[in-house]
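The structure under discussion appears below in the form of structure tokens.
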Protein chains: 2
Amino acid sequence: MSEKRNTVGRLADDTGVKPVTIRYYEKIGLLPKATRSESGYRLYSEEDHSRLLFIRRSRGLGFSLDDIRELRSLADRQQESCAGVDAKVEQQLVQVRSRLKDLHAMEHELERLSACCDGGVIMDCRIIETLSGSA
Amino acid sequence: MSEKRNTVGRLADDTGVKPVTIRYYEKIGLLPKATRSESGYRLYSEEDHSRLLFIRRSRGLGFSLDDIRELRSLADRQQESCAGVDAKVEQQLVQVRSRLKDLHAMEHELERLSACCDGGVIMDCRIIETLSGSA
DNA sequence: CTGGTGGTTATAGTAACTATAAGGTCAATA
DNA sequence: TATTGACCTTATAGTTACTATAACCACCAG
């Protein structure tokens, strides 16, 4: 247990979440209000640390902050079934896949457009033609 | 040439872009200020129609409104090389692919999480464990 | 004791809309 | 003709998840 002062900057370095963002999470109630040093600096515990990691990991999976709030509250009820958690993961998977589908379509269309550019002038540009065209 | 009044609602129906959004585009200068009827209704021409389609198609490829502004201005210089347009398409392709990579990673991780849920209680939930865990 | 780093607050800005309120217009119907 | 209902107008505020800015205070090293 290193007794360095667990200020917001240190927590930021440890978790990869910026100080401003940590304060923002506190402000919207996603993190509990931090305890303060005499001079008013925020101080964090191990628990805060893991709470923040939980948020960061969930964000990395594309969950919204509201989703994460829900996940947290589900996770806090230790004795209950984890069906709710599983459902949220499934739901997120559906969203991610839908977004993937859209992006794949964009990728293909962009490739098609890119391929039909022959380096001429705008007047003859198939890209512009496609974007403007009435089809 | 049907002489129905080309109001914002009609343009919306024709293009699939909502009236509010059309007004918004006008407000931020992406569409020119519409001419007005005596009573103040916006009226649109064929040109407005195709300008809006250009925007909608570009949005469909993931271009930002600022990108679209640039694309428009490139497209308007008929005599110039379309290299700039092509470059923008390439750039967009890079972004889309990067986003695809991220989403694929999310998908795999979500699949992994989903698979490790065995329907027990939160206490034993591997999903929560993974999200909270220090690894 | 001074400088630099890092902490504090509050406010405004970002993208691309969406929602709401409060009102004016138009075409058709009772 | 009066009224209904759909559609138009404006302005303002809310959304998501931050980021940027300003102005100020605390801490530590030299």
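All chains are named by letter (A, B, ...) in the order of the sequence lines, taking the proteins before the strands, and each is independently numbered beginning at 1.
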Just checking, any donor-acceptor pair under 3.5 angstrom between side chains of A/Asp48 and A/Ser45? yes

What is the separation between atom CD1 on B/Ile28 and atom P on C/dT18, rounded to the nearest whole Å? 13 Å

Provide, to the nearest angstrom, the distance between the CG atom belonging to B/Asn6 and the P atom belonging to D/dC7. 16 Å

State whether A/Lys18 places a side-chain N or O below 4.0 Å from either non-bridging phosphate oxygen (OP1 or OP2) of D/dT19. yes

When the nearest nucleotide of DNA chain D is assigned to B/Val8 and to B/Lys27 on a heavy-atom basis, which residue is associated with the more 5' position? B/Val8

Mind checking if A/Arg23 touches a base, just sugar-phosphate, or nothing, with heavy atoms under 4.0 Å? base

Starting from C1' on D/dT16, measure out to CG on A/Asp67 and report it in whole angstrom. 12 Å

Check the distance between C/dG7's P and A/Glu26's CD and give it to me in whole angstrom. 14 Å

B/Leu11 atom CG is separated from D/dT9 atom P, nearest whole Å, by 11 Å

Separation of atom CG in A/Leu65 from atom C1' in D/dG14, rounded to whole Å: 16 Å

Can a cation-pi geometry be assigned to B/Arg36 and B/Tyr41, taking NZ or CZ under 6.0 Å from the six-membered ring centre and within 45° of the ring axis? no

To check you understand the geometry: which heavy-atom pair defines the closest contact between B/Tyr24 and B/Leu65, and what is its length? CE2-CD1, 3.9 Å

Given C/dG6, is OP1 or OP2 found less than 4.0 Å from the side-chain N or O atoms of A/Arg10? no

Residues A/Leu43 and A/Ala34: closest non-hydrogen pair is O-CB, 3.9 Å

Counting distance only, does the side-chain N/O of A/Arg56 pair as donor-acceptor with the main-chain N or O of A/Val17 below 3.5 Å? no

Verify the contact: side-chain N or O of B/Thr7 to OP1 or OP2 of D/dC8, cut-off strictly under 4.0 Å; return yes or no. yes

Under-4.0 Å side-chain N/O to phosphate OP1/OP2 contact, B/Tyr24 with C/dA15: no

What residues 29-44 of chain B contributes to the DNA chain C interface at heavy-atom separation below 4.0 Å is B/Ser39, B/Tyr41

Cation-pi, B/Phe54 ring and B/Arg72 (6.0 angstrom, 45 degrees): yes

What integer distance in Å separates B/Gln95:CD from C/dA15:P? 14 Å

Minimum-distance nucleotide to A/Asp66 side chain [options: C/dG7, D/dC18, D/dT16]: D/dT16

Exercise: identify the closest heavy-atom pair between A/Leu131 and B/Arg57: O-NH1, 3.0 Å

